[in-house]
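For clarity, every value in this text was computed on a predicted model and none was experimentally measured. Values reported hereafter were calculated over all heavy atoms of this structure, with side chains retained and with hydrogens, waters and symmetry mates removed. The chain is numbered in sequence order, starting from 1.
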Amino acid sequence: MSTDTSTENPETAPAPSPGAAPAKSSTGHRRLLTRRDRITLGLMAGVPTILHVALVWLTALASIALAFTSWDGIGFDSIHWVGLQNFQQLFTSNPQFWPAVEHNVIWFVVLILLPTPFGLFLAVQLDKKIRFSRVYQTAFFLPVVVSLAVTGFVWQLVYNPDTGLINSLIGANKPGHYIDWIGDPDLNLWAVLVAASWRHAGYMMILYLAGLKGVDPALREASSLDGANEWQTFKNVVFPTLRPTNTVVLVVTIIEALRAFDLVFVFNKGAQGTELLSILVTNNIIGESSRIGYGSAIAVVLLVISLAVIIPYLIATFRKERRA
């Protein structure tokens, strides 16, 4: 019996029909991306990258360069190199700088000590799959969705000395008994921090709730079999597994504390005891003085403070994870 071993010449092989599947290569893999697909993917990845570099990195580098200059923002020919003069003036002769630094530190301490643990508490309770947990999640997360400017206007109504909710409840809305929560330098910073904490707690709740969803249920079951109660299980089993989430929470809280601007600006434009570094940057760059170089110097200080706190913590955290 003879077997036909003849093969067709590839050059004379018939072309595939228009509706046929794409031909396979010699290695057996389909050619998935056409030239048009590669161009589309290049645009999808390239355009956001270019915008990010132009609007974030280039502007950041430009701010660092402008921090060593004197510029009123009118024409590039008016830029003059002054070296460290802006920083020297900032550290020695600006009466608002050190109070602003102190207020930013207070902002961070309050956010990390009050709303962050409260957000963790809410996450733990909602992780127990109680009834109407979705409703509670929505209610607590709603302040995060609302614009900070709108949040500021809402809390302005709450703190209004004449018709505000708080003064009405405590009977301090009568002439001679007013409590000026916004205008009193001894009270306004703490009043703003209450509004900021109200929003921050919902943010922390969502972050911790996502971390709790990733905890292996077998760990809790094993701890329960060993006789540990709910608190011991959380302290010794659940919380250590939330280390990546804690890293994110710390970085987010630092960023929130340093970029705080909207609430304070809506309340009283950062005056009379609510000075912040972000307010000083805005007042110098887009204010009446238009001191672009001086405002950039404050922005550089703000950047250095954030990096000095975040980078060492991230390095230490990653080293611990590698050793583990």
Side-chain angles (χ1 to χ4, degrees), residues 102-159 164-166 169-170 181-182 187-215 220 229-264 266-267 274 276 306 309-310 313 317:
E102 180 183 354
H103 295 161
N104 277 106
V105 173
I106 293 175
W107 199 287
F108 167 72
V109 172
V110 170
L111 290 186
I112 204 67
L113 292 182
L114 296 180
T116 298
F118 184 63
L120 176 58
F121 171 78
L122 293 176
V124 171
Q125 301 306 313
L126 293 176
D127 190 52
K128 297 178 181 178
K129 298 179 180 180
I130 60 178
R131 293 186 62 184
F132 307 113
S133 61
R134 296 290 184 182
V135 177
Y136 298 142
Q137 290 181 33
T138 303
F140 287 119
F141 190 69
L142 186 61
V144 184
V145 180
V146 177
S147 169
L148 279 172
V150 175
T151 303
F153 285 120
V154 171
W155 280 91
Q156 265 191 331
L157 299 177
V158 174
Y159 287 130
L165 175 64
I166 296 180
L169 291 176
I170 64 177
W181 298 97
I182 299 176
L187 296 176
N188 50 19
L189 178 63
W190 306 105
V192 178
L193 283 172
V194 170
S197 299
W198 175 66
R199 178 183 182 274
H200 195 70
Y203 196 179
M204 297 298 100
M205 178 199 69
I206 291 298
L207 292 179
Y208 276 119
L209 191 59
L212 290 171
K213 296 299 182 183
V215 177
R220 302 184 183 185
N229 56 31
E230 186 176 354
W231 166 248
Q232 291 172 335
T233 301
F234 174 78
K235 182 180 67 173
N236 299 321
V237 177
V238 176
F239 190 73
T241 61
L242 294 177
R243 181 178 299 174
T245 305
N246 290 329
T247 302
V248 175
V249 164
L250 180 65
V251 173
V252 168
T253 304
I254 293 173
I255 294 174
E256 288 288 322
L258 292 178
R259 75 178 185 90
F261 172 80
D262 311 63
L263 280 174
V264 175
V266 170
F267 264 62
T274 58
L276 294 173
S306 60
V309 177
I310 293 174
Y313 180 81
T317 302

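- Each salt bridge (Lys or Arg N to Asp or Glu O under 4.0 Å) pair with one or both residues in residues 108-127, not counting sequence neighbours, appears once here: Asp127-Lys213, Asp127-Arg220.
- The two residues Ile255 and Ile310 make their nearest non-hydrogen contact at CG1-CD1, 4.3 Å.
- Of the inter-residue distances, the one linking Thr151 atom OG1 with Leu263 atom CG reads 6.0 Å to the nearest 0.5 angstrom.
- In this structure, Met205 and Phe140 approach most closely via the heavy-atom pair SD-CB, 3.6 Å.
- Under a 3.5 Å cut-off, the side chain of Gln125 and the backbone N or O of Leu122 do not form any donor-acceptor pair.
- At a threshold of 4.5 Å between non-hydrogen side-chain atoms, the residues Val144 and Ile206 do not count as touching.
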message: Please evaluate residues Leu276 and Phe261 with respect to the criterion side-chain contact (heavy atoms from CB on, under 4.5 Å), reporting the C-alpha separation (whole Å), side-chain torsions for both, the decisive distance (0.1 Å), and the verdict.
response: CA-CA 8 Å; Leu276 294 173; Phe261 172 80; over 6 Å; no
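- With values rounded to the nearest 0.5 angstrom, Ile182 atom CD1 is found 10.0 Å from Thr274 atom OG1.
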message: Run the side-chain contact (heavy atoms from CB on, under 4.5 Å) test on Tyr159 and Phe267 for me, step by step, so that the C-alpha distance in whole Å, both residues' side-chain angles and the decisive distance to 0.1 Å come before the verdict.
response: CA-CA 10 Å; Tyr159 287 130; Phe267 264 62; 3.6 Å; yes
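- Between Ser197 atom OG and Met204 atom CE the span is 11.0 Å, to the nearest 0.5 Å.
- With contacts defined as side-chain heavy-atom distances shorter than 4.5 Å, the pair Asn188/Trp181 does not qualify.
- When all heavy atoms of Gln156 and Val266 are compared, the closest pair comes out as NE2-O, 3.0 Å.
- Salt bridge annotation for Glu230-Lys235: absent, with no cationic side-chain nitrogen under 4.0 angstrom from a carboxylate oxygen.
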Check: residues 102-119 side-chain donor-acceptor pairs under 3.5 Å, at least two apart:
residue: His103; atom: ND1; partner: Pro99; partner atom: O; Å: 3.2
residue: His103; atom: ND1; partner: Glu275; partner atom: N; Å: 3.4
residue: His103; atom: ND1; partner: Glu275; partner atom: O; Å: 2.7
residue: Asn104; atom: OD1; partner: Leu277; partner atom: N; Å: 3.0
residue: Asn104; atom: ND2; partner: Ala257; partner atom: O; Å: 2.8
residue: Thr116; atom: OG1; partner: Leu111; partner atom: O; Å: 2.7

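- Each salt bridge (Lys or Arg N to Asp or Glu O under 4.0 Å) pair with one or both residues in residues 138-152, not counting sequence neighbours, would appear here, but there are none.
- You'll find the side chain of Trp190 reaches within 4.5 Å of the side chain of Leu193, heavy atoms only.
- Taking both residues in full, the closest heavy atoms of Gly202 and Phe141 are given as O-CD1, 3.7 Å, listed atom of the first, atom of the second, then distance.
- Here the CG-CG distance, from Leu207 to Leu120, works out to 11.0 Å after rounding to the nearest 0.5 Å.
- Within the 6.0 Å centre-distance limit, the rings of Trp155 and Trp198 are counted as a close aromatic pair.
- For the pair Tyr136/Ile130, a side-chain contact is recorded, criterion being any heavy-atom separation below 4.5 Å from C-beta on.
- The structure places CG of Leu250 at 12.5 Å from OG1 of Thr245, a figure rounded to the nearest 0.5 Å.
- In this structure, CH2 on Trp231 lies 8.5 Å from CZ on Phe239, to the nearest 0.5 angstrom.
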